[in-house]
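Could you have a look at this structure, given as structure tokens, before my questions?
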Amino acid sequence: MRRASRLIVALDVKDAGTALRLAKECRAVADAVKVGWPLTLSAGPQMISRLAAEADVICDFKIADIPPISATITAAAFALGAKGVICHGFAGEDSVRACVEAARGDVFVVTEMSHPGGQQFTAPIAEDLAKIAVKAGASGIVAPATRPERVKRLRAIVGDLVILSPGAGAQGGSPGDAIAAGADYVIVGRAITESPDPAKAARGIADEIRAAAKR
Ligand code: OMP
């Protein structure tokens with residue numbers, strides 16, 4: 001995955017035309033796009049292949065199943081053209097390892113989730129989940145831009161693994177603070193996809209990231 005703007009756009013939209021338009025509009029600035037259940041269930045899995053022709057695609061299926069099923073989902077995502085997948089750490093080290101072994105690219109492990117409910121169950125075990133990511137050989141983790149101090153803490157655990165940080169924009173986090181806390185990439189959805197000018201919104205966030213990287 002390219003590391004230029006350090007911005008990943010979450011394409012949580014429901015139709016193919018909008019997703020392709022957003023991918024094209026943001027191509028010059030975003031390093032990758034992220035596709036999850038909203039788009040895959042609405043527009044079909046072939047959407048991943050269509051987007052992969054335009055951009056690097058991370059498939060966010062938050063994989064959290066027994067190891068053989070996690071491996072099958074991972075393999076299917078890469079067969080469709082994904083460059084990375086996101087899995088949950090709470091399914092355990094064997095399930096994360098199954099994703100890593102089935103992957104033909106990056107596996108990112110969710111640690112502490114960015115929404116308020118993420119503090120209920122994921123926050124207390126986030127550091128263990130980060131350790132699982134390291135032990136299972138994952139490429140990186142997902143850590144909350146809504147709580148930059150937690151990104152900093154999780155960075156200390158994962159060393160040079162890649163940190164993707166969602167929660168900037170609509171959820172109230174700041175892209176610059178996430179980067180300053182140690183994130184490698186910021187994931188942004190609605191602040192870009194629901195903007196009247198998505199390319200301009202993406203450029204503005206990329207500017208914030210660039211300024212924070214120099215801090
Ligand atoms: P916005 O809140 O619209 O910017 O979207 C955030 C994106 O990041 C969505 O696609 C979420 O599924 C994803 N996300 C979180 O918001 N919080 C997390 O803890 C983890 C993820 C993720 O795994 O990508």
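Indexing begins at 1, ligand by ligand and atom by atom, following the structure's order. Along the sequence shown, residues are numbered consecutively beginning with 1.
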With sequence neighbours excluded, give me every side chain to side chain donor-acceptor pair (under 3.5 Å) pair touching residues 89-101.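 Sorted result for residues 89-101: Glu93-Arg97, Glu93-Lys135.
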Among residues at least two apart in sequence or on other chains, which ones pass side-chain contact (heavy atoms from CB on, under 4.5 Å) with Ala168?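 For Ala168, the residues satisfying side-chain contact (heavy atoms from CB on, under 4.5 Å) (neighbours in sequence not counted) are Ala145, Pro175, Val186, Val188.
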Just checking, any donor-acceptor pair under 3.5 angstrom between side chains of Gln171 and Ser114?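 Yes, side-chain donor-acceptor contact under 3.5 Å.
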What pairs of donor and acceptor atoms, side-chain ones from residues 14-23 against any protein atom, are under 3.5 angstrom apart with sequence neighbours left out?
unit_1, atom_1, unit_2, atom_2, d
Asp15, OD1, Thr18, OG1, 2.6
Asp15, OD2, Gly17, N, 3.4
Asp15, OD2, Thr18, N, 3.0
Asp15, OD2, Thr18, OG1, 3.0
Arg21, NH1, Glu25, OE2, 3.2

Ile63/Ile86 under side chain to side chain contact (heavy atoms under 4.5 Å, CB included): CA gap, chis, key distance, verdict: CA-CA 7 Å; Ile63 307 164; Ile86 292 178; over 6 Å; no
Write down, by chain and number, every protein residue that brings a non-hydrogen atom to less than 4.0 Å from an atom of ligand 1.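 Shell around ligand 1 (4.0 Å, heavy atoms): Ala10, Asp12, Lys34, Asp60, Lys62, Ile86, Val110, Met113, Ser114, Val142, Pro166, Ala168, Gln171, Ile187, Val188, Gly189, Arg190.
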With the threshold set at 4.0 Å, does a side-chain nitrogen-carboxylate oxygen contact exist between Arg155 and Asp184?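 Yes, charged N to carboxylate O under 4.0 Å.
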